[in-house]
Amino acid sequence: MTDAAPALESESKQPSALLPQVKAKLLEGKKGLIVGIANDQSIAWGCAKAFRAFGAELAVTYLNDKARKYVEPLAQSLEARIVMPLDAGVPGQMEAVFDRMAGEWGEIDFVLHSIAFAPKDALHGRVVDVKREGFLATMEVSCWTFMRMAHLAEPLMRKGGTLFTMTYYGSQMVVKNYNIMGVAKAALESAVRYMAAELGPKGIRVHAISPGPLATRAASGIPEFDELLDKAKSKAPARSLVSIDDVGVATAFLAHDAARLITGETLYVDGGYHIMD
Ligand SMILES: NC(=O)c1ccc[n+]([C@@H]2O[C@H](COP(=O)([O-])OP(=O)(O)OC[C@H]3O[C@@H](n4cnc5c(N)ncnc54)[C@H](O)[C@@H]3O)[C@@H](O)[C@H]2O)c1
């Protein structure tokens with residue numbers, strides 16, 4: 001549905017050809033965790049492909065047994081040796097992933113957090129009406145998990161590193177139908193800034209990436225999403241929708257040492273949509 005980034009084009013559906021061909025292995029020697037691949041439409045998959053294409057070694061998680069069959073072949077094509085379940089609602093799973101990376105790698109260089117959740121009735125209703133349970137569930141999965149991942153990553157980032165999360169413009173502006181998720185993303189972006197300040201002296205950088213709308217599984221829960229896509233395309237200066245590969249290369253750049261003095265950012269990968277009124 002979207003135009004691919006020039007550096008990462010010519011994919012096919014063959015598992016062996018899923019990764020883009022990139023000559024410069026700019027992330028060679030770096031190791032990191034990818035959380036949020038549900039299928040080959042996921043933003044986390046776009047990021048994982050870019051990280052791997054630039055030479056990074058990856059650990060990959062899947063939500064549960066149902067998701068496993070979709071994620072495992074993708075993890076295989078990334079040559080990920082650490083592939084583990086991670087459901088934010090299951091106590092101990094997140095810790096187990098970080099323990100395994102500590103045991104196998106000793107250190108890590110980056111973490112990509114690309115998960116969000118809101119119960120249907122909370123997401124589809126007015127912010128004014130959201131019940132306590134819906135609010136807490138939204139905030140827990142969509143915001144707190146990133147703070148917890150940062151907490152667990154800190155001791156493993158002895159030489160510094162980069163923490164990434166995915167946000168959306170609905171945190172800054174009222175976007176129709178984004179509702180309680182906008183509130184959670186605003187908190188998430190604020191957490192990015194506080195954690196960037198706290199971890200900066202250790203060489204750990206923290207970023208939110210803010211892609212334009214992408215037709216993923218998570219997005220299918222948002223009513224009238226096609227209208228959002230049409231608006232994004234016509235209003236963005238680039239007159240183009242973004243692809244998961246566009247998001248992937250931008251994110252991979254920020255993991256490179258050349259970006260060592262960039263932190264606390266919310267980086268828009270949206271064809272410039274956010275500058276327009
Ligand atoms: N699709 C868009 O238009 C868009 C735009 C901007 C930002 N984002 C954000 O990008 C991120 C990734 O979403 P996506 O669009 O790639 O959709 P997606 O459905 O492919 O990914 C969402 C992921 O969240 C995971 N998840 C949900 N509940 C979880 C839980 N309890 N524990 C662990 N994982 C859980 C799912 O397993 C899935 O892998 C989200 O934070 C989303 O808000 C999406």
Side-chain angles (χ1 to χ4, degrees), residues 1-2 33-49 60-71 74-75 84-94 96-97 112-120 123 136-146 148-149 164-173 175 177-189 191-192 207-229 231-233 236 241-248 250-251 266-271 273-274:
M1 64 147 223
T2 54
L33 172 64
I34 305 287
V35 179
I37 302 180
N39 53 41
D40 66 0
Q41 318 280 304
S42 294
I43 295 173
W45 168 237
C47 294
K49 280 192 291 177
V60 169
T61 70
Y62 53 89
L63 181 64
N64 52 27
D65 277 347
K66 215 171 129 199
R68 186 178 186 163
K69 61 176 174 295
Y70 303 105
V71 178
L74 300 175
M84 294 177 71
L86 173 44
D87 180 334
V90 178
Q93 283 193 336
M94 195 191 289
V97 172
L112 181 97
H113 170 279
S114 186
I115 68 176
F117 171 78
K120 236 185 197 150
L123 183 64
L136 292 179
T138 305
M139 290 297 279
E140 183 179 14
V141 178
S142 312
C143 182
W144 181 79
T145 51
F146 184 53
R148 192 50 16 183
M149 281 180 205
F164 297 102
T165 188
M166 289 295 153
T167 187
Y168 179 60
Y169 180 70
S171 62
Q172 303 296 310
M173 293 292 164
V175 173
N177 294 320
Y178 204 59
N179 304 341
I180 193 62
M181 195 51 82
V183 177
K185 294 299 193 191
L188 182 67
E189 288 172 24
V192 163
H207 291 297
I209 310 294
S210 189
L214 285 142
T216 62
R217 219 183 53 204
S220 68
I222 299 171
E224 302 170 51
F225 193 73
D226 284 349
E227 285 168 31
L228 205 65
L229 289 173
K231 186 172 172 195
K233 191 166 182 180
L241 292 172
V242 298
S243 71
I244 59 170
D245 292 336
D246 294 316
V247 181
T251 306
T266 296
L267 179 73
Y268 288 88
V269 185
D270 66 349
Y273 183 93
H274 68 287

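Remember, predicted model here, so these are calculated numbers, not experimental data. Each ligand, and each atom within it, is numbered from 1 in the order the structure gives.
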What class does the angle between the rings of H274 and Y268 fall in, given that below 30° is parallel, 30 to 60° is tilted and above 60° is perpendicular? parallel
Does A96 have any side-chain contact (heavy atoms from CB on, under 4.5 Å) partners at least two apart in sequence or in another chain, and if so, which? M84
Using a 3.5 Å distance criterion without hydrogens, assess whether the side chain of N39 forms a donor-acceptor pair with backbone atoms of S42. yes
For A137, check side-chain contact (heavy atoms from CB on, under 4.5 Å) against everything at least two apart and list the hits. P119
So, does N177 use its side chain to make a donor-acceptor pair with the main chain of P223 at under 3.5 Å? yes
Applying salt bridge (charged side-chain N to carboxylate O under 4.0 Å, His left out), name anything that partners R217, two or more places apart in sequence or on another chain. none
At a heavy-atom distance under 4.0 Å, which protein residues reach ligand 1? Sort them by chain and number, would you? G36, I37, A38, S42, I43, L63, L86, D87, A88, S114, I115, A116, F117, V141, M166, T167, Y168, K185, P211, G212, P213, L214, T216, R217, A218, A219, F225
